[in-house]
Participant: 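Pasting a structure below so you can have a look.
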Amino acid sequence: HGGRGDRPVHNAIPSEQELKAGGLPSGAKAPEKKVYPVRREFLSITPNVDLLRATCISRLPEIQFGQKKGTSTNSFLVRTKQLLNPTKDRVLIDLPSNSYDYDLASWLSELGMLSRLNAVIITRLNPERIPALVSLLSELSSTNEKVQLYMSKVAYQYVQEQGLKNKELRRLLEQGAVLNIAGSGTTINVGGGEVLTFVPIPTARWPDLVAVHYSQDQVLFSSSFFAAHEALEAGVCFDEGGWGEHSSAVRFYFDTMLAPAARQVSKALDRLKLNEAEVKAANPALDLMLGPVKGLLKEVNEAVLGADDGVAEPLPVSYIAPIHGPIIRSSVMQTWLKYKEWTEEQVRLLDTSSVVVLYASAYGNTAALAQAISRGITKAGVGVITLNLEQCGAEEVEEAVSKSQGFVIGSPTLGGHLPTQVQTALGTVMRVGSQKPCGVFGSFGWSGEAVDIMEGKLKDAGFPLAFPSVRCKFKPDEDMLFRCEQSGTDLAQQIKKNLRVKERGAAVKIAAAENASGMLLSVGRIIGSLCVLTAKDGDVESGMLASWVSQASFDPPGLTVAVKKDRAIESLLPIGNKFVLNVLAEGRDRKAMREMVIPRGPSEDRFANLETERSEISGARILSDAASYLECEVSDRMEAGDHWLVYATVLDGKVLDDVPAAVHFRKVGNSY
């Protein structure tokens, strides 16, 4: 980590006094943390590995849950062969967040497994997982035996830091635990010549991240890599249905959580390369499936799992066990290859255009805003470098900002001021930013001076703000996260315009038509009805002009709509969501077209100047002046270059006026 490994790098949690100084009046309380109910399951992965899965079907607000498929949080038990104490024959891997309504320690006790633990491995640690650690150590303290705790150096420093603030945690650590730092290549002997091997895979958001490989059953406990937020049916352990069934959830998790750290992810994947021959031997069914990507497999013919220098014994992987989602068995190699492909795509974007997202976060709220903004930037095809200001120094900030085409900076408010790290970073970007497009965001408990301070300084220095500053009180809700995503997209589009990547005026279109190839001219002759697609999800709604619309099936009646990846409405169209497709009437299409193409801020009402009604099925807007409308539900999505192809079944519809539909004619096939 650039020589910063000797100091804690996790978010500093302010004390109650600091929080009050940050704007909460005396006696005021922050909103209580919401806890979600779960379905607990104890399932077997292999003869020596069991899964403790807590499945949540509730709708969680964070941006990474945008597909609304629910989620699961996974912990694992590995059987060991302890000759000195045969009753201590289990290693626990991963602790759950306190967002979920269950206590892991109590569950282990119910299963008769708590007393059998000889070690606990923590692959990822944050404030939400500290309560699970305290509960576990408290339950284990009754055995009068110390448990071995294994974690990365960063997590070790964080635990020590939290122990200074939490007397009960400090007491339990001193009396009931032995802390071990697990670095690259660290192993735990589990008996019979088999080992658990540690592989550090840090990212900006999770600097403590570590994966673990179990040699006997060829299981890779991958922590937050290869994870997915989706709730599986009861009793289902693996990725049933293969890659096609789960790919959208895996991709969405990657896009929201890992794409902003593409260069770090690339290094981690170099440590997690899989052995082609071993994987195929463990999963013969993959042989046929991997035919189309045979050429790519040559890149991964030697394993270097767990080595920083690429020198290690080949280690096979038959199962990938992430902290969320299904256990990957049928698509191990394909999942890795897709991660590699997506990561390389993000790195290529960084080489052409990039935005630096800088933030500090006290309780994770500002981090959630940063994550949503980053998601909006990557959606628009611009690379993102996310830097937690408590993890990096001024030199790293200066280098990243100087090479970027824009930046965003976010901060909580502490004592009515900016945290020291943010003050330092703000001075750096003002010195090297050269009036690049930028944005400001922050969360607060009461007054929120931090955003005003940053905005004022940047404006005074002549920096152009690409979107209205984002101010969030306490934890962001869905509407706030949607606004952040739109803000990130607005900044990215401004940068692309500045780079003349997206700038196509009327003169450019005419020149393109005159000079276009026969292929593009032919593609331009494909026509479609001119429509307005509207969608609503909770308090969030949006609309877009759509002409790439086509009927796709008779039974059930279905259609496809192509949605560009940087459209704000794209995040409102996950599988299962409903929308309205308004077919515009010939001769009455200009007003709706104008309102849909006018640039608007994230909080502006796109329908303010149109006569509309609310759909009883979806709540989305029905344009009163349309020729007809269709009520639709998203059934599937397919990635199609720079668009998503959305397939939807038609639930209902009505002809409002028996007139011809408006049709969109183009001259060339490389623009709308």
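Start at 1 with the first residue, then count along the sequence.
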Participant: Between R251 and E341, does any NZ, NE, NH1 or NH2 come within less than 4.0 Å of an OD or OE carboxylate oxygen?
Facilitator: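 Salt bridge: no.
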Participant: Donor-acceptor pair, distance only, cut-off 3.5 Å: does the side chain of Q486 make one with the backbone of A568?
Facilitator: no
Participant: Verify the distance criterion only: is there a donor paired with an acceptor across the side chains of D566 and T489 at less than 3.5 Å?
Facilitator: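 Short answer, no.
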Participant: Using a cut-off of 6.0 Å, state whether more than 12 heavy atoms not belonging to K457 lie near its atom NZ.
Facilitator: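 Not buried by this count: 12 neighbours or fewer within 6.0 Å.
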Participant: Report yes if the side chains of V265 and I201 come closer than 4.5 Å at any heavy-atom pair, otherwise no.
Facilitator: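 V265 vs I201: side chains apart.
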Participant: Using a 4.5 Å cut-off on heavy atoms from C-beta on, say whether the side chain of Y156 contacts that of L149.
Facilitator: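 They are not in side-chain contact.
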Participant: Residues in side chain to side chain contact (heavy atoms under 4.5 Å, CB included) with N180, at least two apart?
Facilitator: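 N180 satisfies side chain to side chain contact (heavy atoms under 4.5 Å, CB included) with Q148, Y150, V178 only.
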Participant: For D642, look at atom CG and say whether over 12 heavy atoms of other residues, nucleotides or ligands are found less than 6.0 Å away.
Facilitator: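 Counting other residues, nucleotides and ligands, CG of D642 exceeds 12 neighbours.
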Participant: Salt bridge check: are D255 and K379 linked by an N-O gap of less than 4.0 Å?
Facilitator: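 Judged by the 4.0 Å cut-off on N to carboxylate O distance, D255 and K379 do not form a salt bridge.
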Participant: Below 4.5 Å, heavy atoms only, C-beta onward: do E570 and K565 meet side chain to side chain?
Facilitator: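 Heavy-atom side-chain distance check fails, nothing below 4.5 Å.
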Participant: What pairs with D479 under salt bridge (Lys or Arg N to Asp or Glu O under 4.0 Å), at least two apart in sequence or on another chain?
Facilitator: none
Participant: Give me the atom names and distance for the closest heavy-atom approach of A262 to T343.
Facilitator: O-CG2, 3.3 Å
Participant: Looking at K340 and D270, is there a salt bridge between them, counting it only when a charged N and a carboxylate O are closer than 4.0 Å?
Facilitator: yes
Participant: So if I apply the side-chain contact (heavy atoms from CB on, under 4.5 Å) rule between L358 and each of V408, V429, L426, which one comes out positive?
Facilitator: V429
Participant: Apply side chain to side chain contact (heavy atoms under 4.5 Å, CB included) to K267 and list each qualifying residue two or more places apart in sequence or on a separate chain.
Facilitator: none
Participant: Please check if the side chain of N126 supplies one atom and the backbone of R129 the other of a donor-acceptor pair under 3.5 Å.
Facilitator: yes
Participant: Under 3.5 Å, is there a donor-acceptor pair between the side chain of W206 and the main chain of T123?
Facilitator: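 No; judged by distance alone, with no hydrogens or angles, the pair does not exist.
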Participant: First locate atom CZ of F474, then atom OG of S443, and finally report the distance between them rounded to the nearest 0.5 Å.
Facilitator: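 Here the interatomic distance stands at 10.0 Å.
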Participant: Mind telling me whether F225 and Y339 have parallel, tilted or perpendicular rings, with 30° and 60° as the class edges?
Facilitator: tilted
Participant: Please report the closest heavy-atom contact between R637 and L573, naming both atoms and the distance.
Facilitator: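 Scanning both residues completely, I find the closest heavy atoms to be NH1-O, 2.9 Å.
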Participant: Minimum heavy-atom separation for T203 to A261, with atom names?
Facilitator: CB-CB, 4.0 Å
Participant: OG/S469 to NZ/K459 distance, rounded to the nearest 0.5 angstrom?
Facilitator: 6.5 Å
Participant: At their closest point, which heavy atom of T386 faces which heavy atom of S374, and how far apart are they?
Facilitator: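 Looking at all heavy atoms of both residues, the closest pair is OG1-OG, 3.4 Å.
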Participant: Please determine if R483 and D490 form a salt bridge, counting it only when a charged side-chain N lies under 4.0 Å from a carboxylate O.
Facilitator: no
Participant: Using a strict cut-off of less than 4.0 Å between a Lys/Arg side-chain nitrogen and an Asp/Glu carboxylate oxygen, indicate whether E345 and R348 qualify as a salt bridge.
Facilitator: no
Participant: Between D94 (side chain only) and R124 (backbone N and O only), is there a donor and an acceptor less than 3.5 Å apart?
Facilitator: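 A pair under 3.5 Å: no.
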Participant: Is a side-chain N or O of Q405 found less than 3.5 angstrom from the main chain of S354, in a donor-acceptor match?
Facilitator: yes
Participant: In terms of relative ring orientation, are H229 and H324 parallel, tilted or perpendicular, with 30° and 60° separating the classes?
Facilitator: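 Ring orientation, 0 to 90° scale: tilted.
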Participant: Quick one: are the ring centres of F467 and F441 less than 6.0 Å apart?
Facilitator: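 No: the rings miss the under 6.0 Å criterion.
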